[in-house]
Number of protein chains: 2
Amino acid sequence: MAFTSEFPPVYVTVDVVVLTLRDDALHVLMVERGSKPWQGRLALPGGFVQQQEDLLAAARRELREETGLAVQPAHLEQLGTFGRPDRDPRARTVAVAHLAVLPALPEPVAGTDAAAASWQPVAEVLDAELPFDHHDILAAGVERARSKLEYTPLATAFVGPTFTIADLRHVYETVWGRRLDPGNFHRKVVGSPGFVERAPGERSGSRGRPAAVYRAGPATLLNPPLWRGEPAPTPTGRHRP
Amino acid sequence: MAFTSEFPPVYVTVDVVVLTLRDDALHVLMVERGSKPWQGRLALPGGFVQQQEDLLAAARRELREETGLAVQPAHLEQLGTFGRPDRDPRARTVAVAHLAVLPALPEPVAGTDAAAASWQPVAEVLDAELPFDHHDILAAGVERARSKLEYTPLATAFVGPTFTIADLRHVYETVWGRRLDPGNFHRKVVGSPGFVERAPGERSGSRGRPAAVYRAGPATLLNPPLWRGEPAPTPTGRHRP
DNA sequence: CAAATAGTGTCTTTCAGACAATATTGT
DNA sequence: ACAATATTGTCTGAAAGACACTATTTG
């Protein structure tokens, strides 16, 4: 092949921003770096793309290896590619970043060789210094999740296979950092075609009337979107005590 | 550096979907391939990323080299990365695709070593067989442009530095393939904060009242979006003779 | 029963879209 | 004057958000 000798090869990695909800806060999966640059620091999980491996498949593999869990993420998509020439001091690397969303796991992280992995609150991680350009990547992932809540059923990826409308509302409230009106939210979600569908049974919280149980519907796009415009900080009336 | 010998390097290219409006139709910049695979066929412009070159900068360089024009595109963004292991029979390559939008150029394409470049109607190109995964890339670019018209001022990138509201409307109508009400469109655009601002002068078409001239405003996001939901094929009433 | 949560009803305001009306120009 | 286009006005229906109200459950 002609160009093999003419052009500089590049090391392509796949990094994954894995988001979930724990303790009413957005968390991200981080691993402790074991090797040279930034050794011992928390970084996004990721690794080199293997020959004959698709990018999405590589992201899935990294996720599986790093979490030790055979979870198939409820959501996995390509986020963007980061390739500043100086992003890795060792060599020219290009990182294809992905976004994964999981429901809260009973055991945080533990498994094969994933002892170094842990869930960290996004807010704290974004305040700290991160290796390479992982700060940009994480910020892009969070922003993507925020905006996709609006016009896709992404929220269902944060909860289990069945959930209540209040569960969904907590996802929106946590990721958007904004309190939503329970009544209007309920109407909006149930009325959005294909967003959710009834599942058998009810679910009781600690107190209050038990809630109907739903599962994710077939829709891939919310039409119309749940809320347009920006999450405004409470327009006119009261709301929030 | 340790991993140099341990992991397979990859050839990273930057491909560019360059869109513009010509003769009331969406056109894309295509180049005739001169080398081995798919030789002589039309393909998206692109090339290898150079060492020490940022991805966006590489896209800008390719655009400049291929068009021969020193245009700074009104819009240039990363579109997505395509890396199916079998996408190039010669070697493992990963293409970082970009989307560029230009106003219609007086001279289609001509310049340094860009004799092979030409503008092609998007509809026709999407009907033909394209090299590598360029069909997917082009489709992604067109789709990105379509959706970004809705919530960003991308339409201004299709027209010159100054334009009339009707010019903008033609962009929407062409890219969306849908007729829009001139009155409602005018109100919407002028009322969208930061989308457009008045420029001095007026402009006369062949007949009819001359139109006010505008330039792009400072907004980067349209809030609220111009139209939510999907471009529906004329809902209720009449419209279109 | 009181507190808490689920779910429904209602009202007001805003806005999108259809379409009429007015303003200006070239032929 | 007529045709064509720009721009503004008007009206109607749908939807968003605020908030009252009803339905059920636990303590």
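Chain identifiers are assigned alphabetically (A, B, ...) following the order of the sequence lines, protein sequences preceding nucleic acid strands; residue numbering begins at 1 within each chain.
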Point to revise | Side chain of B:Lys188 (C-beta onward), nearest among C:dT10, C:dA16, D:dG9 | key: C:dA16
Review point. Choosing from C:dA16, C:dC19, D:dC19, which nucleotide comes nearest the side chain of B:Asp181?
Key: C:dC19
Practice item. Between C:dG7, D:dT10, D:dG17, spot the one nearest the side chain of A:Asn184, thanks. Key: D:dG17
Check your understanding: Are B:Glu173 and B:Arg178 within salt-bridge range, i.e. N to O under 4.0 Å?
Key -> no
**Study point:** Flag side-chain contact, heavy atom, 4.5 Å: A:Val159 against A:Pro103
**Key:** no
Point to revise | Spacing of B:Leu180 atom CG relative to D:dT7 atom C1', expressed in whole Å | key: 16 Å
List, with names and distances, any nitrogen or oxygen atoms from the protein found under 3.5 Å away from nitrogen or oxygen atoms belonging to nucleotides 24-26 of chain D.
from   : atom 1 : to       : atom 2 : distance (Å)
D:dT24 : O2     : A:Arg209 : N      : 3.2
D:dT25 : O2     : A:Gly208 : N      : 3.4
D:dT26 : O3'    : A:Ser206 : O      : 3.4

**Study point:** Distance-only polar pair, side chains of B:His134 and B:Asp15, donor-acceptor under 3.5 Å
**Key:** yes
Check your understanding: Under the side-chain hydrogen bond (donor to acceptor under 3.5 Å, both in side chains) test, which residues partner A:Thr152, sequence neighbours left out?
Key -> none
Point to revise | Rounded interatomic separation in angstrom, taking CG from B:Asp167 and C1' from D:dT5 | key: 13 Å
Exercise for review: Scan side-chain atoms only and decide if B:Ser204 and B:Glu202 contain a donor-acceptor pair under the 3.5 Å cut-off.
Suggested key: no
Practice item. Could you state the atom-to-atom distance from CD of B:Glu173 to P of D:dT5 in whole Å? Key: 12 Å
Review point. Does the side chain of B:Arg169 get closer than 4.0 angstrom to OP1 or OP2 of D:dT5 through an N or O atom?
Key: no
Check your understanding: Any donor-acceptor pair under 3.5 Å linking the side chain of A:Tyr214 with the backbone of A:Ile165?
Key -> no
Review point. Below 4.0 angstrom from OP1 or OP2 of D:dA6, is there any side-chain N or O of B:His186?
Key: no
Review point. Under 6.0 Å from the six-membered ring centre of A:Phe163 and within 45° of its axis: does the NZ or CZ of A:Arg215 meet both?
Key: no
Exercise for review: Using whole Å, report how far CZ of B:Arg179 lies from P of D:dT5.
Suggested key: 11 Å
Check your understanding: D:dG17 C1' sits how many Å from A:Leu226 CG, rounded?
Key -> 14 Å
Review point. Given atom CD1 of B:Ile165 and atom P of C:dT24, what is their separation to the nearest angstrom?
Key: 18 Å
Exercise for review: Mind calculating the distance between CZ (B:Phe185) and C1' (D:dT5) to the nearest angstrom?
Suggested key: 15 Å
Exercise for review: Give the rounded distance in Å between these two atoms: CZ of B:Arg187 and P of C:dA18.
Suggested key: 12 Å
